[in-house]
*Asks:* 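Let me give you the structure first, and then I'll get to my questions.
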There are 2 protein chains.
Amino acid sequence: MTSTATTDDLGLRDRNNRERRDALIAAAYALFAERGFAASSMDDIAARAGLSRRTAFRYFASKDDLVFPEQAARQAQFEALLVPREGESAFETVRRACLALGRHYQDDRERQLAQFRVIQSEPWLVGRELAIDRALEAAIEHAFMAAERETPRARRRARVRASAITGALRATVREWLEGGASTDLVRLGRETFAELEAGFAG
Amino acid sequence: MTSTATTDDLGLRDRNNRERRDALIAAAYALFAERGFAASSMDDIAARAGLSRRTAFRYFASKDDLVFPEQAARQAQFEALLVPREGESAFETVRRACLALGRHYQDDRERQLAQFRVIQSEPWLVGRELAIDRALEAAIEHAFMAAERETPRARRRARVRASAITGALRATVREWLEGGASTDLVRLGRETFAELEAGFAG
DNA sequence: AGCAAAATGGCACTCGGTGTCAAAAAGAAT
DNA sequence: ATTCTTTTTGACACCGAGTGCCATTTTGCT
């Protein structure tokens, strides 16, 4: 290496990797917007990104994965946020992590909307999304359990709470997206948590 | 028609329809058990059922549908059960319907176990199953809303409850299946509802 | 420049899913 | 039983997703 160290911490290879990945995502979403998910073949997507079909499949194992490109990263990020802080109850930890995630959604508004449209258009993508939500739910359950001793009763309670929270938040995000993502998602989330805190029976 | 009226309320055509449908399901599950879902092609399944590939696809629009053959019927049945009875609270209606559904699962023990194994083997089938659960959830939410006036607050509460119940029951069924479906699912369900009734905060 | 490792892309193949259409089976009518 | 109509069937051809294979190119390093 001579003196190419300007802003590149990551080599040319990694940079290209990222660029092509991004190109694929951009191409995919452009085509989805133009003609819909079903009518956009991997051939087209790859071509628009300037890659071969075969190579495109090396970046994304399936066409579906192209719809949820940052799923793994989001999940990891969320789990990192679920680490409890000093003097925080489990519920507070979960709320903080969820609201932070909500903030990210808000910052990613445009793509979230596009993603929402795509997902609504193909029923089985709804299933994929639910599976993703399910992973978040599992993480939340885990966070609740971290605070308690492992008993069947405690586990069930943690599960019910995690499921209720996930369900309520799913509804909240849906409301937000259906309204064009024009309101404040974090505020909506706060309200939802307030409702949950206020109680279930009534 | 001469005198073939023995037990046939439905004509030969419908009878054959049902037979072939059943043959396909049986063939599919036999092959899934033998070699797994992925390794069982529609060609094989159709052949074992004594049908052509093309015809098999007329009975089941996709290979996935073959995994959840009675989904539509179950959903309809469940919704029928969700009609409130005299002097019953919404919660009671929901519990009754869910427990009845649980009883059906129990009577269908063998297939439920097989289905569970297949679903666990292919991640995206989990998504499909979740989507099915989601339909049940929507029905439950609807049942809760039927008892109240339509306000955003009421809807959110109904949604949270429906989601919590669905989540808790999913966990319950999972527990049951993981234990080989050898225990009493209805009893487990009753316990889960008791927990839910007892309260959320604590 | 030169070399090893990794990424690329072309090819051929499998499998899920669909449109089309001629042949076969079912039901109705005589 | 025979004919006529309506469904159902199954063969064929086709598309797109996804994969294994391998020759070629690109990249990182010396």
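Below, chains carry the letters A, B, ... as their sequence lines are ordered, and counting in each starts from 1.
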*Asks:* Expressed in angstrom and rounded to an integer, what is the separation of B:Glu122 atom CD from C:dC15 atom C1'?
*Replies:* 13 Å
*Asks:* Under the salt bridge (charged side-chain N to carboxylate O under 4.0 Å, His left out) rule, collect the residues that match up with A:Glu137, sequence neighbours excluded.
*Replies:* B:Arg170
*Asks:* Under 4.0 Å between any heavy atoms, over every strand shown, what does B:Phe60 touch: base, sugar-phosphate, or nothing? Just pick one.
*Replies:* nothing
*Asks:* Find the distance between OG1 (A:Thr55) and CZ (A:Arg53) and round it off to the nearest 0.5 Å.
*Replies:* 11.0 Å
*Asks:* Each nucleotide in nucleotides 16-24 of chain D should get exactly one letter: B, S or -. Can you fill that in based on protein heavy atoms under 4.0 Å?
*Replies:* -BBBBB---
*Asks:* For the OG1 atom of B:Thr172 and the CG atom of B:Leu185, what is their distance to the nearest 0.5 Å?
*Replies:* 8.0 Å
*Asks:* With rounding to the nearest 0.5 Å, note down the distance linking CZ in B:Arg95 to CG in B:Leu169.
*Replies:* 11.5 Å
*Asks:* Atom CD of A:Glu19 to atom P of C:dT8: distance rounded to whole Å?
*Replies:* 12 Å
*Asks:* Any side-chain N or O of B:Asn16 less than 4.0 Å from the OP1 or OP2 oxygen of C:dA26?
*Replies:* yes
*Asks:* Rounded to the nearest Å, what distance is computed from the CG atom of residue A:Asp44 to the P atom of nucleotide D:dC15?
*Replies:* 13 Å
*Asks:* Mind calculating the distance between CZ (B:Arg20) and P (D:dT7) to the nearest angstrom?
*Replies:* 17 Å
*Asks:* Verify the contact: side-chain N or O of A:Ser52 to OP1 or OP2 of C:dG9, cut-off strictly under 4.0 Å; return yes or no.
*Replies:* yes
*Asks:* Cut-off 3.5 Å, no hydrogens considered: what does the side-chain donor-acceptor table look like for residues 122-129 of chain B, sequence neighbours left out?
*Replies:*
{"from": "B:Trp124", "atom 1": "NE1", "to": "B:Asp64", "atom 2": "OD2", "distance (Å)": "3.1"}
{"from": "B:Arg128", "atom 1": "NH1", "to": "B:Asp65", "atom 2": "OD1", "distance (Å)": "2.9"}
{"from": "B:Arg128", "atom 1": "NH2", "to": "B:Asp65", "atom 2": "OD1", "distance (Å)": "3.2"}

*Asks:* Mind checking ring pair (Phe, Tyr, Trp, His ring centres under 6.0 Å) for A:Phe57 and listing every partner two or more places apart, or none if nothing turns up?
*Replies:* none
*Asks:* Measuring to OP1 and OP2 of C:dT8, would you say a side-chain N or O of A:Tyr59 lies under 4.0 angstrom away?
*Replies:* yes
*Asks:* Expressed in angstrom and rounded to an integer, what is the separation of A:Trp124 atom CH2 from C:dG16 atom C1'?
*Replies:* 12 Å
*Asks:* Enter the inter-axis angle for the ends of the helix from C:dA1-D:dT30 to C:dT30-D:dA1 (five pairs per end, rounded to 10°).
*Replies:* 20°
*Asks:* For A:Arg153, look at atom CZ and say whether over 12 heavy atoms of other residues, nucleotides or ligands are found less than 6.0 Å away.
*Replies:* no
*Asks:* Mark yes or no: A:Arg157 above the aromatic ring of A:Phe144, with NZ or CZ under 6.0 Å from the six-membered ring centre and no more than 45 degrees from the axis.
*Replies:* no
*Asks:* Nearest-Å distance, CZ (B:Arg18) to P (D:dT7)?
*Replies:* 21 Å
*Asks:* Measure CG/A:Asn17 against P/C:dA6 and give the value in whole Å, please.
*Replies:* 13 Å
*Asks:* Under the ring-ring contact (aromatic ring centres under 6.0 Å, His included) rule, what pairs show up with a residue in residues 175-197 of chain B, not counting sequence neighbours?
*Replies:* B:Phe91-B:Phe193
